[in-house]
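Shown next, in structure tokens, is the structure this report addresses.
Per chain, numbering begins at 1; letters A, B, ... match sequence-line order. The figures here come from the full heavy-atom set of this structure, side chains too, leaving out hydrogens, waters and symmetry mates.
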There are 2 protein chains.
Amino acid sequence: MSKAADSSARASVKIRDVAAFADVSTGTVSNTINHPERVHPRTRLLVEQAIRELGFVPNQQARVLTGAVSNVIGLVVLDVESPFYMGAAHAVERSVRDSGLVVMLCNSEGEIVRESALLSMLAAQHVRGVLLAPATPEEHADRYVNLPQDLPVVLLDFDGGATHCSVSVDNVAGGALAVRHLLDLGHQRIAYVGGSLSLRQFAQRAAGARQAMADAGLDPEEMLTEVSVSGLGIRDGQRAVELLLEGTLPEAIFCGNDMLAFGVYRGLVNAGLRVPEDVALVGYDDIDFAKNWVVPLTSIRQPIDDLGHQAAQLLLDHSSRDSSHVHRQVILKPELVVRRSTDRRVEPRRPGSAGGTVKR
Amino acid sequence: MSKAADSSARASVKIRDVAAFADVSTGTVSNTINHPERVHPRTRLLVEQAIRELGFVPNQQARVLTGAVSNVIGLVVLDVESPFYMGAAHAVERSVRDSGLVVMLCNSEGEIVRESALLSMLAAQHVRGVLLAPATPEEHADRYVNLPQDLPVVLLDFDGGATHCSVSVDNVAGGALAVRHLLDLGHQRIAYVGGSLSLRQFAQRAAGARQAMADAGLDPEEMLTEVSVSGLGIRDGQRAVELLLEGTLPEAIFCGNDMLAFGVYRGLVNAGLRVPEDVALVGYDDIDFAKNWVVPLTSIRQPIDDLGHQAAQLLLDHSSRDSSHVHRQVILKPELVVRRSTDRRVEPRRPGSAGGTVKR
DNA sequence: TTCAGAAAATGAAGCGATTCAAATACCCTA
DNA sequence: TAGGGTATTTGAATCGCTTCATTTTCTGAA
């Protein structure tokens, strides 16, 4: 804009330079930035002009040092490549964006050592607060008393009990939802395919499955076959089918996540079985692929956006009114999405008629 | 460990407190942290002890303020939910982790306004440097002269010309690779299905496809059908097939990404055609699903890990030896992964024999 | 025992912004 | 035109840490 605009690219401009340029004191510059109402409109214009000419950007480190709250929040997840966490991350980001905050995304990779390193790093950065998907294998929520006291933390996808704020999704309810749906359709012999039960989520989903059977008056011990595979991918699902085929085939299969379900699907097809005619199939997570799978997959949808959003709000709340904050635990309910893999009456959707051009 | 350990959770401990506790000066504490060799072993032990007792964590803001380089690097991507960028992010993180750096992941969502807001925010944070996947639609690399001069930037998945460091993948080569493969298999009438050509990557891949045909002595105008669809998902691929079926069916189809290829697959199957018997199919990106698709998909693999790794190295290099840094452009080559969707001789892999247990 | 030189420890001066008590400028009334 | 009150502006002190010129302590040779 101005002839001096390119000077912005010179060495870092500090508040003193702006003050000198506008011929006012540093205090006035600071005020026009942080308390514009305190400075005379004429002066304000002058200073704003100078700021623009010089391309001044206040040093955030210095600001925070003098007591301002940081505009950074930390987000520690177990896996940056997981659609679940990235969905949540995105939701978090969207909901704090308007408050001028940015998210510092960190990856603990499920390792406690790395996790605590990250936490103290975030504390050292004096971030505004942290959203943490804990790497703790079981409900050792008490472990987290070691967190830096003055670091507001909200637990993500984990119920923190009374000692922490947290937002989680009810996995037991999700498991129950899936199995109840299958029971409603008239299936009775059901298999649950899940990852290692030492993974909290899978154990809870299995528990929900059992509970739903019991509620329906069936004996889970007898009617529910539980298969645990070591991994969580498509191939593991295929493997699970092989294990299942060694016994009596169940009428329906509920998988701990969608990838396993896809694998199960392939395994069934390879064995000459049809979904849902011969076996009904339910996944978990409702990832993008579920609705576009060869046979669209019935799945349990996690309220990911809500999860991220609520966590962010909780953190903002937690980190602003520093006095008298009561920890709150939000537990969200998952949702059943019925598709063809359990119900042949659901019509396959035709592709939309969106635009497209061909050049021959 | 010590009886005073829990005091760490008290209010924030500063270097003065440590100094008082260990009965030394602040300078000495600082030295034992940053230049241990300058302080007497005996004293050092004392101070380290005190640091531990008090749970002292130096305020990073203050450190940076006094001139230390930050241990944070920024990473600005176009989409936090894209496996491509998250793969790269993960690689970046892994390769800087050992240097004690953390990554601040930001999402420009492809919007230039947001992008520049993020950049000046990162500059204000005084991060060590930034890896940027630019939101600029075309090669307007010159636009980036506006970047804060003292902010080292490495462009990601974008060739920055001589004015910037950059690491990118050769999309033209990728397109050529795919089409050459199809030509080698004896196919001649080929279709390219891509997203809007205004997306740099897709335009380049299409160019590569054309070039490969020309190199083989075929006229792209005549033998290559180009289909552009508006979206990039499975449904869009299905739509593309409908468009293609209005004309003569090509012998092979090359898609600008794997999702489109999956859609094309479904479209073909719906039309009663087999892959690869009736039509050969090639995707792009080699996402996880490609190798596990009903018919494993031949695809062009992007060297994502390498991309992230090299970018990180370039940035570290760029941001350390501040003097005399020459901008380097790294261009990586994509790789062809042949699977059944183009070559029926490739045996479908059997699922592994990994562990699994059944409880009946 | 003394003393030069090396080693270790000290503590005041910044880093860049914000704050706030104190100093000025401005306005209006008497 | 003086006086009192409000509106602005000023600039030194401060945040927590690092640096570095000094001071103090230690070594070992003379």
Got a sec, which residues hit ring-ring contact (aromatic ring centres under 6.0 Å, His included) with B/His40, two or more places apart in sequence or on another chain? none
Return the set of residues passing side chain to side chain contact (heavy atoms under 4.5 Å, CB included) with [X] (not counting sequence neighbours), or none when no residue passes.
X        : value
B/Ala311 : B/Leu131, B/Val154, B/Leu156, B/Val167
B/Leu45  : B/Glu48
B/Ser99  : B/Leu101, B/Leu316

Answer yes or no: does atom CZ of A/Arg328 have more than 12 heavy-atom neighbours from other residues, nucleotides or ligands under 6.0 Å? no
Which residues pass the salt bridge (charged side-chain N to carboxylate O under 4.0 Å, His left out) test with A/Asp305, not counting sequence neighbours? A/Arg94
Partner residues of A/Glu109 under the salt bridge (charged side-chain N to carboxylate O under 4.0 Å, His left out) criterion, sequence neighbours left out: A/Arg114, B/Arg97
Produce a footprint string for nucleotides 8-18 of chain C: one letter per nucleotide, 5' end first; B if the base is under 4.0 Å from any protein heavy atom, S if only the sugar-phosphate is, - if neither. SSBB--BBBBS
Taking five pairs at each terminus, the helix from C/dT1-D/dA30 to C/dA30-D/dT1 shows an axis bend, to 10°, of 50°
Give every donor-acceptor pair under 3.5 Å between a side-chain atom in residues 72-80 of chain B and any protein atom, sequence neighbours left out.
| from | atom 1 | to | atom 2 | distance (Å) |
| --- | --- | --- | --- | --- |
| B/Asp79 | OD1 | B/Glu81 | N | 2.8 |

What are the bounds, 5' to 3', of the part of DNA chain D that sits under 4.0 Å from heavy atoms of chain A? D/dT8 to D/dG16
Pairs in or reaching into residues 17-27 of chain B: which pass side chain to side chain donor-acceptor pair (under 3.5 Å), with residues at least two apart or in two chains? B/Ser25-B/Thr28
Listed partners of A/Thr43 passing side-chain hydrogen bond (donor to acceptor under 3.5 Å, both in side chains), at least two apart: none
